[in-house]
Amino acid sequence: MNPPSAPARKQRKPLRAYLQPAFVYALLLLGVVLVVLPLMWAGAASFTPNHKVFEFAYPFSWRALFPVDFTLEAYENLFARGFGRAVGNTFFLAIATVILGGGANALAGFAFGRFEFRGKNFLFLAVIMLTFMVPVDLTAIPRYILVNTFGWINTWQGLLIPGLANSLVIFLFRQFFAEIPQELIDAARVDGASWLRVLISIILPISKPVLVAASLLMFISQWNAFFWPLLVAPRKELRVVQVEISLAIGQYGTIWNELLAGSMIAAIVPILLVIPFQRYYVQAITGTGLD
Amino acid sequence: MAVLAQKKPTTIFEKLADETWRRKFLRNVLIPWLFIAPLLIIHIFVVAIPAVQGVYMSMTDWGGINPNVNFIGLENYHKLLFEDHSFGKSLNNNINWMLFFLTVPFILALFCATMLSQIKRGGMIYRSILFIPYVLASVVTTTIWKNLLNPKDGILATTARALGIEGFEVAFLGRTDTALISIAFIDNWHFWGFLMILFLASMQSIPPVLYDAAKIDGANRWEEFRHVTLPGIRPIVLFMFMMVAIWSFLAFDYIWLITQGGPGGASEVIATQLYKNAFQRFEAGYAAAQGVVISIFAGFIILVFVMLRRRGWDI
Amino acid sequence: MKHLKLMLSIALLLLALTSVGAQDVTTVTMWFAEGATLDCWGPIMESFNDIDPSVQLEIVPQADTWNATRTAVVGGGGPDIVRTPGPSFVYEMAQAGLILPLDAFAEEMGWGEFFFDWALDLGLVDGELYSLSDELETLLLYYNVDVFEANGWTPPETMDELNALGEEVAAAGYTVFSHGNASWRPSNEWFVGEYMTQIAGPHNVYKALTGQIPWTDESMVEAMEILDAHMQAGWYGGGLDLYFTNEGPTRRAMLADGSAAMNIEGSWAIRDLTDYHSESGQGWDWVSVPSKTGADQFTIGMGNTSSINANSAHPEAAAQFLTWYFSPETQGAMLTSCLKGPAPVEISAEVMGELDPRIAKVYADLSDASANDRYGYTTWTFWPPKSDVYIYEEVERVWTGEITVMDYLEGLNEVFAAELEAGDIPPIPSR
């Protein structure tokens with residue numbers, strides 16, 4: 001990082017130099033208001049008794065942006081129903097996905113990025129394209145039948161294993177590994193290191209951006225998973241966050257404040273993860289991480 | 001190396017006895033496959049087999065429940081492409097959807113990211129807030145906006161009324177001419193923050209030297225953006241172009257949650273049709289054919305990008 | 001120390017005893033959408049567990065219940081009790097051998113004694129019983145009593161009267177029907193089925209359902225023209241665009257606060273009406289939906305069906321639960337405490353007497369109508385699946401002016417004819 005270049009000569013800043021930042025802030029503020037107003041209503045409603053959630057939203061008045069008769073009832077009910085357990089389950093699943101899926105995807109990405117072997121390109125295309133292209137709903141039933149044959153309904157394996165292969169992640173790993181200078185690897189190979197050793201002691205240490213990005217992607221996709229967990233693990237003990245939230249939407253009515261409270265909690269985790277690490281995320285996607 | 005390989009081994013035993021061959025085998029066959037094996041096994045069971053089954057189902061009259069099916073060849077495809085008038089309409093909506101998402105969120109995100117990259121204080125807070133909608137569950141986002149867009153009592157109608165402006169008490173989601181674009185607006189409200197974060201981080205990894213050089217050359221703000229920022233973030237912009245184009249053909253959840261394709265098919269897209277065929281009409285085989293068609297579109301988009309890349313575009 | 005050892009051994013003994021006990025318990029599973037409904041139904045259904053400790057019911061709260069059930073059952077899993085949204089789904093599942101025929105259980109456990117005859121017939125697939133119908137439904141014309149009194153209106157008895165009253169109501173600045181399909185898009189089909197029954201008449205609908213006359217019959221055209229005219233006039237929800245955007249709570253509030261005068265909807269609405277109107281303090285009541293001839297006609301529908309999963313490890317126990325659940329006593333208890341639409345079983349006059357007379361009258365009139373050839377058909381119970389989807393999807397295109405009523409009915413003819421030929425029509429009791 002270079003220090004900002006010092007101005008050649010001191011001079012009084014023109015008025016424009018003050019107005020411009022003000023203009024920028026004002027515009028951004030407008031954008032933030034558009035985003036924040038709906039969010040404030042949702043946040044406020046999660047602290048409002050259920051039957052008053054729409055009191056000031058219909059017709060809309062500014063009071064809808066603040067809790068009416070502030071209460072923690074929604075959050076209490078949510079946790080009494082077992083939301084805490086769902087959060088724990090999802091954390092466990094997401095972390096297991098990051099470790100196991102990260103391993104499998106990184107190995108494959110390395111092979112695709114660094115080895116020459118027959119059928120490589122075909123295999124890569126088949127693996128990546130198929131997952132990008134096939135609508136999830138279509139494969140749900142065949143996949144369920146398969147998992148059922150293994151006896152994995154209502155088990156951790158059933159929840160976890162189908163989520164391990166992630167095309168975008170393989171893609172990221174391949175891009176990143178392909179750009180590592182050959183000399184780095186050759187040096188280690190001449191010293192007699194095995195490929196696994198090269199991967200662990202040479203490649204991984206310089207792969208922080210792609211590791212962080214891949215982990216984030218896998219963590220968030222598992223954190224937001226809904227349809228598959230719903231199908232494969234209906235048992236209460238195995239419930240995940242999104243499924244637990246959706247239970248607030250009943251056949252004959254919705255418990256709005258619980259729905260919103262659950263969503264607030266579910267949203268916080270990805271935000272806390274993505275914001276600090278966003279730089280790596282982009283570095284990995286753009287493949288410029290080695291600069 | 002060349003000295004060792006004077007006589008080419010032929011039988012498997014000779015091959016195994018030959019040092020060079022063993023090395024080559026290890027290097028070019030065994031090790032790569034060992035590396036890929038864990039993923040491949042998962043992938044075969046989770047994606048490949050179900051996908052192949054999907055393609056097979058698209059050539060049957062499967063209803064979705066009864067496993068006894070008849071093979072009917074390409075009949076579903078024929079019906080889809082030549083007889084089903086609603087398919088063309090849905091496809092048209094998908095293309096409009098794509099045009100919207102290839103422009104509006106990109107412009108918004110580029111604009112905001114440029115703004116944010118200039119401010120020195122509070123940037124983190126701004127970008128965190130702008131990112132929140134992206135991680136909200138779609139059920140929540142759509143619920144919020146359906147209420148906000150309520151023609152009588154929603155925020156837009158109420159505010160406009162209070163300010164004395166007429167013409168905003170419109171049921172945007174209930175009119176055939178505004179339904180699709182209103183849903184796109186809502187989906188975009190949730191989506192553009194993600195693009196913005198990507199662009200912003202990419203902008204921040206552009207070496208400051210380049211900006212300094214541009215300043216010395218006397219470049220104004222626009223020229224700076226045009227000649228330094230844009231080339232610097234080009235790879236991510238183009239990559240996201242591809243992803244957004246593919247996602248446009250898979251668009252489903254926002255439309256399903258808000259209008260289910262209505263009113264009168266005004267917001268129907270291929271994926272909502274697919275869902276109705278598979279799960280409401282008991283025409284799962286026909287739905288599978290629609291799924292395959294979506295996949296072909298997506299494959300075509302990927303192909304275009306691969307071709308551009310071969311021609312030397314830096315994507 | 002001694003105490004500790006003693007306590008430990010007692011604990012161990014208890015543990016051993018309970019685990020032995022646990023082996024003898026058969027658990028019947030049932031998936032159910034969580035929420036307000038389950039809060040009321042759950043405890044009543046779980047009181048089944050007090051009867052026989054060796055057969056226990058487990059209610060698994062499940063979001064998106066029907067989609068999850070279907071996928072699981074097709075994949076060879078799922079709950080013991082399979083609930084579907086209607087007979088056409090039962091038909092598909094039975095054909096695939098995913099649910100069990102129930103005739104033997106029906107005989108053994110005497111289901112014929114408390115179910116209405118026609119009701120058991122609804123569960124037949126190729127002559128065998130596969131499901132039991134639950135949640136009897138009919139459409140009614142609800143009205144806001146205070147609004148009617150203030151304007152000196154009387155509830156209409158014929159379609160002509162309804163047309164005249166509608167004009168008056170609209171002119172007086174009220175919304176005619178408090179409606180909107182934003183929360184449940186298939187609401188469209190309620191009116192299609194109802195107008196066909198009330199205007200074309202139940203006998204014509206029966207003929208069309210059995211393939212004797214086409215859907216393009218003059219009487220059907222007339223029915224759809226009248227519905228289209230009502231839609232175009234903005235009677236439903238206050239305008240077509242509002243009809244497409246009004247959410248459930250909005251339309252309930254419209255009738256309750258007197259900004260709308262009437263509402264045509266199923267008997268399931270009663271539970272909500274009771275809540276909304278007791279809050280607003282304005283009265284509500286209902287009459288049968290006006291017919292062309294003035295006859296008191298009621299369409300019949302079912303909200304749910306229950307079957308036994310072919311994969312169930314203990315169908316006997318599942319049948320035992322069904323017997324208890326569908327008994328007039330249980331159904332009566334759920335009707336009085338939760339206002340649940342009862343299964344089509346004979347509920348004692350005593351239980352009915354405990355109900356709000358307006359609610360009791362719904363079921364009394366309904367059974368009277370079904371006994372006297374004055375019953376009609378709801379689309380979701382008697383139409384085959386593709387036709388049913390066609391009915392509620394495509395009718396929007398009539399209302400938005402994209403196609404004509406005739407186009408719509410011709411299309412319905414085509415879809416229906418294919419299903420009729422394939423034999424996919426749900427059982428239609430002959431009349």
Side-chain angles (χ1 to χ4, degrees), chain B residues 50 61-70 79 83 85-86 89 137 139 142-143 145-154 157 169-179 182 255-268 272-273 275-284 286, chain C residues 63 66-67 70-71 73-76 84-85 88-99 180-186 188 237-247 249-250 253-254 259 384-390 392-403 415 419 422 424:
Chain B
D61 62 354
W62 189 39
I65 289 182
N66 196 332
N68 307 319
V69 298
N70 300 311
K79 185 174 155 203
E83 288 168 22
H85 303 296
S86 57
K89 205 173 151 191
V139 187
T142 51
T143 305
W145 275 100
K146 276 205 271 188
N147 287 312
L148 294 180
L149 288 182
N150 182 292
K152 270 198 202 124
D153 301 324
E169 301 192 350
V170 176
F172 292 102
L173 295 167
R175 295 168 52 115
T176 47
D177 51 350
T178 52
S182 306
I255 299 171
W256 188 255
L257 288 168
I258 297 173
T259 62
Q260 296 187 8
S267 58
E268 196 85 84
T272 53
Q273 268 196 327
Y275 188 88
K276 287 175 191 171
N277 284 329
F279 299 135
Q280 296 180 342
R281 288 198 182 93
F282 295 118
E283 293 192 275
Y286 188 57
Chain C
W66 165 236
N67 274 336
R70 190 200 53 238
T71 315
V73 172
V74 171
T84 83
S88 54
F89 300 93
V90 173
Y91 179 84
E92 289 285 328
M93 291 205 157
Q95 294 266 303
L98 296 171
I99 48 179
N181 73 356
S183 299
W184 181 243
R185 199 145 281 264
N188 302 342
L240 196 54
D241 52 347
L242 293 175
Y243 172 76
F244 288 131
T245 46
N246 284 342
E247 300 273 354
T250 316
M254 282 162 82
S259 56
K386 283 170 208 161
S387 304
D388 187 31
V389 178
Y390 179 92
Y392 64 74
E393 285 277 324
E394 298 298 305
V395 76
E396 289 189 0
R397 297 175 60 207
V398 177
W399 298 339
T400 56
E402 204 183 318
I403 57 173
V415 179
E419 292 190 287
D424 290 346

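Numbered from 1 within each chain, the chains take letters A, B, ... in sequence-line order. Atoms considered below: every heavy atom in the structure, side chains included; atoms not considered: hydrogens, waters and symmetry mates.
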**Report entry** Partners passing side-chain hydrogen bond (donor to acceptor under 3.5 Å, both in side chains) against B/Ser182 (at least two apart in sequence or in another chain)
**Finding:**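 Partners of B/Ser182 under the side-chain hydrogen bond (donor to acceptor under 3.5 Å, both in side chains) test: none.
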Report task. Output all residues satisfying side-chain hydrogen bond (donor to acceptor under 3.5 Å, both in side chains) with C/Tyr91, sequence neighbours left out; order by chain, then residue number. Result ->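 C/Tyr91: no side-chain hydrogen bond (donor to acceptor under 3.5 Å, both in side chains) contacts found.
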Query raised in the report: Any idea which heavy atoms bring B/Gln280 and C/Pro385 closest together, and the distance?
Result: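 In this case the closest contact between B/Gln280 and C/Pro385 is O-CB, 3.8 Å.
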Query - Over all atoms of both residues, closest heavy-atom pair of C/Ser88 and B/Phe282 - result: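 Answer, listing the atom of C/Ser88 first, then B/Phe282: O-CE1, 4.4 Å.
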Picking from [options], which has the most non-hydrogen pairs under 4.5 angstrom with chain C?
{"options": "B/Gly261, B/Ala266, B/Pro263, B/Ala179", "result": "B/Pro263"}
{"options": "B/Arg175, B/Glu283, B/Glu268", "result": "B/Glu283"}
{"options": "B/Val170, B/Thr178, B/Thr259, B/Thr176", "result": "B/Thr259"}

Can you tell me how far the [atom1] atom of [X] sits from the [atom2] atom of [Y], to the nearest 0.5 Å?
{"X": "C/Tyr390", "Y": "B/Lys276", "atom1": "OH", "atom2": "NZ", "answer": "13.5 Å"}
{"X": "B/Asn150", "Y": "C/Thr250", "atom1": "CG", "atom2": "OG1", "answer": "6.0 Å"}
{"X": "C/Thr245", "Y": "B/Ile258", "atom1": "OG1", "atom2": "CD1", "answer": "12.5 Å"}

Query raised in the report: Which atoms of B/Ser86 come close to chain C, meaning under 4.5 Å heavy atom to heavy atom: side chain ones, backbone ones, both, or neither?
Result: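 Answer is neither: B/Ser86 stays 4.5 Å or more from chain C.
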Query raised in the report: B/Pro151 versus chain C, heavy atoms under 4.5 Å apart: side chain, backbone, both or neither?
Result: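 The side chain, not the backbone.
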Query raised in the report: So, B/Lys89 and C/Glu402, do they make that salt bridge, N to O below 4.0 Å?
Result: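 Salt bridge between B/Lys89 and C/Glu402, a charged N being under 4.0 Å from a carboxylate O: yes.
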Report task. Could you look at C/Tyr243 and say if it's the side chain, the backbone, both or neither that has a heavy atom under 4.5 Å from chain B? Result ->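 When you check distances to chain B, no heavy atom of C/Tyr243 falls under 4.5 Å.
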Query raised in the report: For chain B, which of C/Arg397, C/Glu396, C/Glu419 has the most heavy-atom pairs under 4.5 Å?
Result: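 Max contact count across the listed options: C/Glu396.
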